[in-house]
Amino acid sequence: MKIGIYTNPNKDADGSAYRAVMQAAEKYGITAQSFDLKDNYDFVVSIGGDGTILRIAKHCAKQNMPILGVNKGTVGFLTEVEASDIERSIERLISRDYILERRALLDACLHGDHHYALNDVVISRAGSGRMITMEVHVNDEIIDRFTCDGYIACTPTGSTAYSLSAGGSVIGPNTPVIALTPINPHTLRTRPIVVGSFEKISMKYSGEGQASLFVDGDNAVRLDCGDVVTVTGWDKSALFVRFDSESFYSRLLSKLNSWSAAED
């Protein structure tokens, strides 16, 4: 067995979690090394938070490499274990005491370039206080046209992220859909919409305001007036190692409640 370790140095500043993985690997006689995009692994251990996982999820999906998330972040919806559980987790990997959970990704295309997202694809205003104009189509049929701060297309995984903050619905992780959520639309009638995961969504940006395309929070490209971003489901999935039987909804309640609760 070969494990790649991907670490967020800002979250594991003292390197203790990284060393714990290396020590556990040595104890159980398996190979472990720092993650390298040019290499293949039986498992990838991600040390950090959800943002850390987002940075490698697309690459791991292409190579069918399962991710074990070690939580050193804030919320950690996608992570599975705490740093204190690392040795036991490596032992369970070796004994195949786990299940693999599939999570869908999005394929966003602009000018022939493809960008893949585990959470969301967002068109958002940038560089000024002006709202932007959006026109949204699904399978070439118009859904709406309005001014807004932006627009979100997200996977079920991403439904608990930016989309939730913008008023979108929480969606179960195994539901084959894409959620469409406007950001501060200047209208009384626009509502979030949920469509099939392999329907073609077209988001056209126009107007005087400046806008950018963001993929899983990263600024992918600056948009020009008239640019159209097409979004559909990608035919590859991210794989996540799961050990316990805690349901998605139980995890949702515990994570959101603990994260949002004010400290005494």
Ile30 and Ile3: CA distance, side-chain angles, deciding distance, side chain to side chain contact (heavy atoms under 4.5 Å, CB included) verdict:
CA-CA 8 Å; Ile30 61 176; Ile3 292 175; 3.5 Å; yes

Run Val215 and Tyr116 through side chain to side chain contact (heavy atoms under 4.5 Å, CB included) and show every step you take.
CA-CA 7 Å; Val215 179; Tyr116 303 105; over 6 Å; no

Candidate pair Leu100 and Val241, rule side chain to side chain contact (heavy atoms under 4.5 Å, CB included), full reasoning:
CA-CA 5 Å; Leu100 293 181; Val241 174; 4.0 Å; yes

Show your working on salt bridge (Lys or Arg N to Asp or Glu O under 4.0 Å) between Arg145 and Glu135 and close with a plain yes or no.
CA-CA 4 Å; Arg145 185 177 188 275; Glu135 186 173 298; 3.4 Å; yes

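For the pair Ser95 (side chain) and Glu91 (backbone), a donor-acceptor distance under 3.5 Å is present. A side-chain donor-acceptor contact under 3.5 Å links His59 to the backbone of Leu37. Judged purely by atom type and a 3.5 angstrom limit, Asp50 uses its side chain to pair as donor or acceptor with the backbone of Leu78. For Asp227 (side chain) and Asp224 (main-chain N/O), a donor-acceptor pair under 3.5 Å exists by modelled atom type. Remark: side-chain polar atoms of Asp120 are not paired, donor with acceptor, to backbone N or O of Val122 under 3.5 angstrom. Panel note: side chain Glu80, backbone Phe240; no donor-acceptor pair is recorded below 3.5 Å.
If you run side-chain contact (heavy atoms from CB on, under 4.5 Å) between Arg88 and each of Asp97, Val81, Leu93, only Asp97 comes through.
To the nearest 0.5 Å, atom CD1 of residue Ile132 and atom SG of residue Cys148 are 5.0 Å apart.
For the residue pair Arg130 and Gln210, no side-chain donor N or O sits within less than 3.5 Å of a side-chain acceptor on the partner. Of the N and O atoms on the side chains of Ser89 and Tyr98, not one donor lies less than 3.5 Å from an acceptor on the other residue.
Surrounding NZ of Lys2 are more than 12 heavy atoms belonging to other residues, nucleotides or ligands, all under 6.0 Å away. By the neighbour-count criterion of 12 heavy atoms within 6.0 Å, atom CD of Gln33 is densely surrounded, having more than that number from other residues, nucleotides or ligands.
Salt bridge annotation for Asp216-Arg55: absent, with no cationic side-chain nitrogen under 4.0 angstrom from a carboxylate oxygen. Ion pairing between Arg125 and Asp149 holds under the 4.0 Å rule for side-chain N and carboxylate O.
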Identify every side-chain donor-acceptor pair in residues 150-163 under 3.5 Å, counting partners at least two apart or on other chains, and give the distances.
| from | atom 1 | to | atom 2 | distance (Å) |
| --- | --- | --- | --- | --- |
| Thr155 | OG1 | Leu118 | O | 2.5 |
| Thr155 | OG1 | Asn119 | O | 3.3 |
| Thr155 | OG1 | Thr157 | N | 3.3 |
| Thr155 | OG1 | Gly158 | N | 3.0 |
| Thr157 | OG1 | Arg103 | NH1 | 2.9 |
| Ser159 | OG | Pro156 | O | 2.7 |
| Ser159 | OG | Ile171 | N | 3.0 |
| Thr160 | OG1 | Thr157 | O | 3.3 |
| Ser163 | OG | Thr181 | OG1 | 2.8 |

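Ile90 and Met1 fall within the same hydrophobic cluster, where Ile, Leu, Val, Met, Phe, Trp and Tyr residues are linked whenever their side-chain heavy atoms come under 4.5 Å apart, directly or through other members. Note on Ile94 and Ile86: same hydrophobic cluster, where clusters join Ile, Leu, Val, Met, Phe, Trp and Tyr whose side-chain heavy atoms are under 4.5 Å apart, directly or indirectly. Under a hydrophobic clustering in which Ile, Leu, Val, Met, Phe, Trp and Tyr are joined whenever their side-chain heavy atoms come within less than 4.5 Å, directly or via other members, Phe77 and Ile53 fall into different clusters. Under the 4.5 Å side-chain heavy-atom criterion for grouping Ile, Leu, Val, Met, Phe, Trp and Tyr, Val229 is not connected to Phe198 through any hydrophobic cluster.
Pairs passing the salt bridge (Lys or Arg N to Asp or Glu O under 4.0 Å) check and including a residue from residues 104-117, sequence neighbours excluded, do not occur.
The minimum heavy-atom distance between Thr190 and Pro182, with the atom names listed, is CG2-CG, 3.4 Å.
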